[in-house]
Amino acid sequence: MREINVSEITEAVKNMCIDANYALSEDMKKALESAQKEEVSELGKQIFSQLEENLEIAASDQIPICQDTGMAVLFFKIGQEVHFTGGNLGDAINEGVRQGYTEGYLRKSVVGDPLIRVNTKDNTPAIVHYDIVPGDKVTITCAPKGFGSENMSRVFMLKPADGEEGVKEAVVRAVKDAGPNACPPMVVGVGIGGTFEKCAEMAKEALTRPVGSHSDKEHIKAMEEELLERINKTGIGPAGLGGKMTALAVNINTYATHIAGLPVAVNICCHVNRHVTVTL
């Protein structure tokens, strides 16, 4: 049994919230560079140049990539041989978010009640997903999610008879409906299977997968590639102003489901698609 003091979790989460908002991950940098070369629209190329300049300024001046520094979403993979000491894990995570958003001068965007809408003033509480795995390590992925793109996400409760083509049509429809509102070029996370809530969680986690990677299931990999091609033929383009590069990637996660259902979730993220992973 390995003991981890929750103060280590707080420190890690604090730093991840800041790092994710100040600098783009390497996979996203490479994806944007590649997309800029592939873009055929002159206006689209200009948009990419502006995005590149924005990233350089954020990194050099240590300021957020985007004014919407998101709601903190964290995925925890906790080894079953880990024992946390020194306090409550959930409290420690939220303390890390509070410190990160305060010390990093990140915008506080969370309201404590969805209807009364009073700002919590420290960007807590976070959205936390836990997964118990073998071993004595803790892997944390921090993915701050802005709501311009979050609001464009969809869940479709399809019928099994809708099949693979029905899934594809749902994904493309969600992207078309999002249009410029999701700040393209976008990354499209898709969850297929499970239940209503499981497919949504899978779609969100799919966004944290490195851009350029693919599902290890051949039929899902083929679907990812086909959907990316179809989305990039919509002509939405960078910033929604027309062009070839509407999406940088389509990442699909799947899970078993009920004989009577075919749940599909589409979680869209803007061109920054922030995510940082640390293992303790």
Side-chain angles (χ1 to χ4, degrees), residues 20-21 24-25 27-28 31 65-66 68-77 109-110 114 126-131 140-158 166-215 217 220-221 223-228 230-232 234 236 240 246-255 257 261-277:
N21 274 294
L24 208 59
S25 58
D27 64 310
M28 286 300 299
I65 299 169
C66 176
D68 185 353
T69 53
M71 191 168 189
V73 179
L74 296 116
F75 293 90
F76 273 72
K77 295 188 182 299
S109 303
V110 174
I127 304 298
V128 188
H129 302 282
Y130 300 98
D131 188 16
I140 311 167
T141 297
C142 177
K145 190 68 164 65
F147 264 59
S149 58
E150 184 76 354
N151 286 340
M152 297 297 104
S153 301
R154 302 279 298 276
V155 172
F156 302 87
M157 300 304 290
L158 302 181
V167 173
K168 293 174 186 175
E169 289 296 329
V171 174
V172 174
R173 189 193 325 161
V175 171
K176 286 181 176 180
D177 288 347
N181 297 313
C183 296
M186 62 188 79
V187 177
V188 183
V190 181
I192 307 173
T195 54
F196 174 81
E197 80 282 6
K198 178 65 176 177
C199 68
E201 182 182 344
M202 287 193 295
K204 177 62 61 66
E205 190 167 17
L207 291 174
T208 69
R209 207 173 77 206
V211 171
S213 66
H214 285 288
S215 171
K217 299 177 180 178
I220 300 300
K221 177 187 175 186
M223 187 184 294
E224 290 173 337
E225 293 171 337
E226 180 184 337
L227 280 170
L228 181 60
R230 286 174 63 169
I231 289 168
N232 283 334
T234 61
I236 295 168
T246 298
L248 303 172
V250 176
N251 292 348
I252 302 175
N253 287 347
T254 64
Y255 196 77
T257 192
L262 180 56
V264 178
V266 182
N267 193 213
I268 298 172
C269 196
C270 65
H271 62 273
V272 296
N273 191 32
R274 294 162 289 204
H275 54 273
V276 175
T277 299

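Numbering starts at 1 and runs along the sequence shown.
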Identify every side-chain donor-acceptor pair in residues 185-200 under 3.5 Å, counting partners at least two apart or on other chains, and give the distances.
residue	atom	partner	partner atom	Å
Thr195	OG1	Glu197	OE1	2.9
Thr195	OG1	Glu197	OE2	3.2

Report the residues that fulfil salt bridge (charged side-chain N to carboxylate O under 4.0 Å, His left out) with [X], sequence neighbours left out, ordered by chain and then residue number.
{"X": "Asp68", "value": "Arg107"}
{"X": "Glu201", "value": "none"}
{"X": "Arg230", "value": "Glu165, Glu169, Glu226"}

Restricting to side-chain hydrogen bond (donor to acceptor under 3.5 Å, both in side chains), what partner residues turn up for Thr208, sequence neighbours left out?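 Once residues adjacent in sequence are excluded, Thr208 has no partner under the side-chain hydrogen bond (donor to acceptor under 3.5 Å, both in side chains) criterion.
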By side-chain hydrogen bond (donor to acceptor under 3.5 Å, both in side chains), which residues pair with Thr257, not counting sequence neighbours? none
The criterion is side chain to side chain contact (heavy atoms under 4.5 Å, CB included); which residues satisfy it with [X], sequence neighbours excluded?
{"X": "Lys217", "answer": "Ser215, His219, Ile220, Thr254"}
{"X": "Pro180", "answer": "none"}
{"X": "Leu228", "answer": "Asn232, Ala247, Val250"}
{"X": "Thr234", "answer": "Lys176, Ile236, Thr246"}

Looking only at heavy atoms, what is the nearest atom pair of [X] and [Y], with distance?
{"X": "Ser149", "Y": "Cys269", "answer": "OG-CA, 3.6 Å"}
{"X": "Val211", "Y": "Ala31", "answer": "CG1-CB, 3.6 Å"}
{"X": "Ser213", "Y": "Glu224", "answer": "O-OE1, 4.5 Å"}
{"X": "Ala174", "Y": "Ile268", "answer": "O-CD1, 4.0 Å"}

Can you pull out every side chain to side chain donor-acceptor pair (under 3.5 Å) where at least one residue sits in residues 177-187? Sequence neighbours excluded, please.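 Residue pairs with at least one partner in residues 177-187: Arg154-Asp177.
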Glu205: which of Asn251, Asn253, Asp131, Asn267 passes side-chain contact (heavy atoms from CB on, under 4.5 Å): Asn253
From His275 atom NE2 to Met28 atom CE, the distance as rounded to the nearest 0.5 Å: 7.0 Å
To the nearest 0.5 Å, what is the distance between OG on Ser153 and CZ on Phe147?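 So the OG of Ser153 and the CZ of Phe147 are separated by 9.0 Å.
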State, yes or no, whether a side-chain contact exists between [X] and [Y] at a heavy-atom distance under 4.5 Å.
{"X": "Leu207", "Y": "Lys145", "result": "yes"}
{"X": "Arg274", "Y": "Asn21", "result": "yes"}
{"X": "Val266", "Y": "Arg173", "result": "no"}
{"X": "Ile252", "Y": "Leu227", "result": "yes"}

Please enumerate all residues that pass ring pair (Phe, Tyr, Trp, His ring centres under 6.0 Å) together with Phe75, with sequence neighbours excluded. His129
